[in-house]
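Taking it in order: structure first as structure tokens, then the write-up.
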Amino acid sequence: MAEQAPDKITPRAEDYSRWYLDVIRQAGLAEPAEVVKGCMVIKPHGYAIWEKIQRALDDRFKETGHQNAYFPLLIPESFIKREAEHVEGFSPELAVVTIAGGQKLEEPYVIRPTSETIIGHFFGRWIQSWRDLPMLINQWANVMRWELRTRMFLRTGEFLWQEGHTAHATHAEAVEEVKRMLDIYAEFAEGHMAMPVVRGVKTDSEKFAGALQSFCIEAMMQDNKALQAGTSHDLGQNFGKAFDVKFQNKAGLTEYVWQTSWGVSTRLIGALIMTHSDDNGLVLPPKLAPVSVAIVPIFGKGGDEAAVREAGAAIEKELKAQGLSVVFDVRDHKPGFKYFEWEQKGVPLRLEIGPKDLEKNQVAAKDRLGTAKEFWPRANLGAHVKEHLDRFQTQLFDRAKERRAANTVKIDSWSDFKDVFAGDNSKFVLAHWDGSRETEAKIKEETKVTIRCIPFDSPDEPGKCVHSGKPSPRRVLFSKSY
RNA sequence: CGGGGCGUAGCGCAGUCUGGUAGCGCACACGGUUCGGGACCGUGGAGUCGGAGGUUCAAAUCCUCUCGCCCCGACCA
């Protein structure tokens, strides 16, 4: 293990995993719970990011007609077993409650790993007629999946998420919903997180346990590995049949409903870290930064401290009037200390106000990507800052998109394929696949590479499978993944 | 769950081999001087050495068990 100075961040090039953990620690996002296996404590700065994510997504869910509700944490074990693929997919990760109130339970409860089953049960009670459809429900909740190997934010025993659950009269309408919500996720990822994503459909072996098909957004992390950032499932009538969710159509005939589910989790915070942050710590897009501007006062000797305080407070007020979240950092520390701290926390923009600035009627400014300080006139500062942050948001997105483009390649031979993924290397590889589960499994076994998705924008292009040489109608997206 | 590494003050670590009254740096508190990229001096507080059991006159150190973290592997809707 490398020697590490206290409170410093391991450079990415030296040890990417360690860097990731260092960033989380130094930014105060979270820490391992230690006393609870595989779980973490989300600290205020990390939770504040989650709240921003929640707010933005929740607004979009409401705009598209969904309502929030809440279902029990505990699910009768028999519910999970009712859908064959579902139980097979989830049973290895279940935590089960067998004793409660000092009594052994007649039927154990599982702690929800996801809520399709219990919501299916209630949908069955709530839905009778086509007039009850579509049923558009979302739940913000915690779930538990007993994972063998955990990583903060990316995979923990317990995590926070939202799960949308909807029921529709027709398959076409359900599919439309699945796509609509995937688009919302994609727009959120790109517009708010400044993280470009590939939209696509999962292969059969990668889809949700119990779904007809799963759509996803896949993002590229800085080590060129893929991260599934959101999924949206077409559940068909599988859960409708398992939980007897039926309705009478307009013709008076009884049919099973067509259901969907879709979710994103606190994993998005991990995605945010691994998309933008650098060796100096967290980098956050302004739209999700709990603090978007930090104002650092300089109280030099010979300077008028009261005047600096007054000017800083005035700037704080002006920026807040622009709807920005601002901190005027008057703590008793040296300015340099504050610079480092706000950088590690990912604050997009830092302003400095000192005696020299008062004289010149200006502020010093440095954004989280910038290398040199700039000096901005004090007049119209609010509007200028806002404009700068908008540009910063765009810059982050462009930068991430360029990085992805530079690391996305088309590959047509198996030896090239293996070269790209040699060692711990990864890229986004667009290559032909013969469509068989067997070939997919062999590729994974030989290289640890999986098919992340069949991108929606993958054009028809007949070719030969990169592994088997059999015919393929189009390229699919391969990558190592988290 | 398999292989490896590691748990000693808030953080990072030394001390463990060879048992003998628990240390260092940073952080923290107070006072003063400071303040445009991690301030300095002085004083001070803080640890049941991850936990349980055992060996011993004596255990951070030796033995057994156990919990957790990190890395690799397996697994991952």
Side-chain angles (χ1 to χ4, degrees), chain A residues 1-10 15-18 20-22 25-26 28 31-40 80 83 85-94 113-114 116 143 145-152 154-157 163 202-216 227-228 231-233 235 238 261-263 267 280-281 296-303 305 308 329-344 350-360 362-366 371-373 375 424 444-445 448 450 481-482:
Chain A
M1 199 178 284
E3 276 280 321
Q4 192 204 16
D7 302 336
K8 290 289 188 294
I9 293 169
T10 307
D15 185 339
Y16 196 77
S17 299
R18 182 111 189 218
Y20 176 76
L21 293 165
D22 287 347
R25 170 172 44 79
Q26 288 306 109
E31 61 186 51
E34 305 256 343
V35 291
V36 186
K37 189 178 175 64
C39 293
M40 67 173 170
I80 298 286
E83 210 287 330
E85 279 185 32
H86 195 65
V87 61
E88 194 190 330
F90 281 107
S91 50
E93 320 185 356
L94 296 177
T114 179
E116 275 75 10
V143 289
R145 299 176 185 185
W146 211 257
E147 299 286 353
L148 300 179
R149 191 172 159 190
T150 58
R151 247 175 203 282
M152 281 198 283
L154 301 177
R155 177 169 290 111
T156 48
E163 42 180 329
K202 286 288 185 190
T203 62
D204 270 3
S205 58
E206 295 278 335
K207 73 175 196 218
F208 178 76
L212 291 187
Q213 55 177 354
S214 291
F215 294 163
C216 63
L227 183 83
Q228 177 179 297
T231 47
S232 184
H233 313 292
L235 301 176
N238 292 346
S261 68
W262 27 274
R267 176 179 247 210
N280 297 321
V296 177
I298 315 291
F299 302 130
K301 76 177 160 191
E305 181 171 331
V308 171
D329 187 356
V330 294
R331 290 173 305 162
D332 183 19
H333 283 295
K334 299 271 282 187
F337 175 91
K338 297 176 186 174
Y339 302 163
F340 277 95
E341 189 173 285
W342 291 118
E343 268 167 26
Q344 289 180 331
R350 180 181 88 227
L351 297 179
E352 299 162 30
I353 179 83
K356 291 178 197 166
D357 304 309
L358 290 183
E359 267 173 42
K360 297 180 185 168
Q362 65 179 20
V363 296
K366 184 159 182 243
T371 48
K373 272 183 209 176
F375 296 94
D424 197 36
K444 184 176 177 181
E445 201 183 315
K448 292 171 204 157
T450 52
S481 68
Y482 280 96

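Every chain is numbered from 1, with letters handed out A, B, ... down the list of sequences.
Both A:Phe90 and A:Phe337 lie close to RNA chain B; mapped to their nearest nucleotides by heavy-atom distance, the more 5′-ward contact belongs to A:Phe337. Between A:Glu206 and A:Leu21, the one whose closest nucleotide on RNA chain B sits nearer the 5' end is A:Leu21.
For A:Lys448, the listed nucleotide lying nearest its side chain is B:G73; candidates were B:C76, B:C13, B:G73.
A close approach under 4.0 Å does not occur between any side-chain nitrogen or oxygen of A:Lys444 and OP1 or OP2 of B:A74. A sub-4.0 Å separation between OP1 or OP2 of B:G37 and a side-chain N or O of A:Lys366 is absent.
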When you check every protein heavy atom under 4.0 Å of nucleotides 30-36 of chain B, what one-letter string (B, S, -) results, 5' to 3'? ----BBB
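Residue contacts shown for A:Glu88 are absent, as no nucleic acid heavy atom lies under 4.0 Å away. Backbone-only engagement by A:Gly38 is indicated by non-hydrogen atom pairs under 4.0 Å involving sugar-phosphate atoms exclusively. When heavy atoms are screened at a 4.0 angstrom cut-off, A:Ser17 is found touching the sugar-phosphate backbone but no base atom.
Nucleotide B:U21 has no partner under the Watson-Crick or G-U criteria, as no pair reaches both atom distances under 3.5 Å. For B:U43, the paired nucleotide is B:A29, the pair qualifying as Watson-Crick or G-U wobble because both relevant distances are below 3.5 Å.
When the P atom of B:G12 is taken as reference, atom CD1 of A:Ile9 falls 14 Å away, rounded to whole Å. Going from atom CD of A:Glu147 over to atom P of B:C1 covers 14 Å, rounded to whole Å. The distance between atom OH of A:Tyr20 and atom P of B:C71, rounded to the nearest whole Å, is 11 Å. In this entry the distance linking CD of A:Gln26 with P of B:C11 reads 12 Å, nearest Å. Look at CD on A:Gln344: it is 14 Å from P on B:A27, rounded to the nearest Å.
Applying the 3.5 Å distance criterion, the base of B:G37 shares a donor-acceptor pair with the side chain of A:Arg350. At a cut-off of 3.5 angstrom, counting only N and O atoms as typed in the model, there is a donor on one side and an acceptor on the other between the side-chain of A:Glu343 and the base of B:G37.
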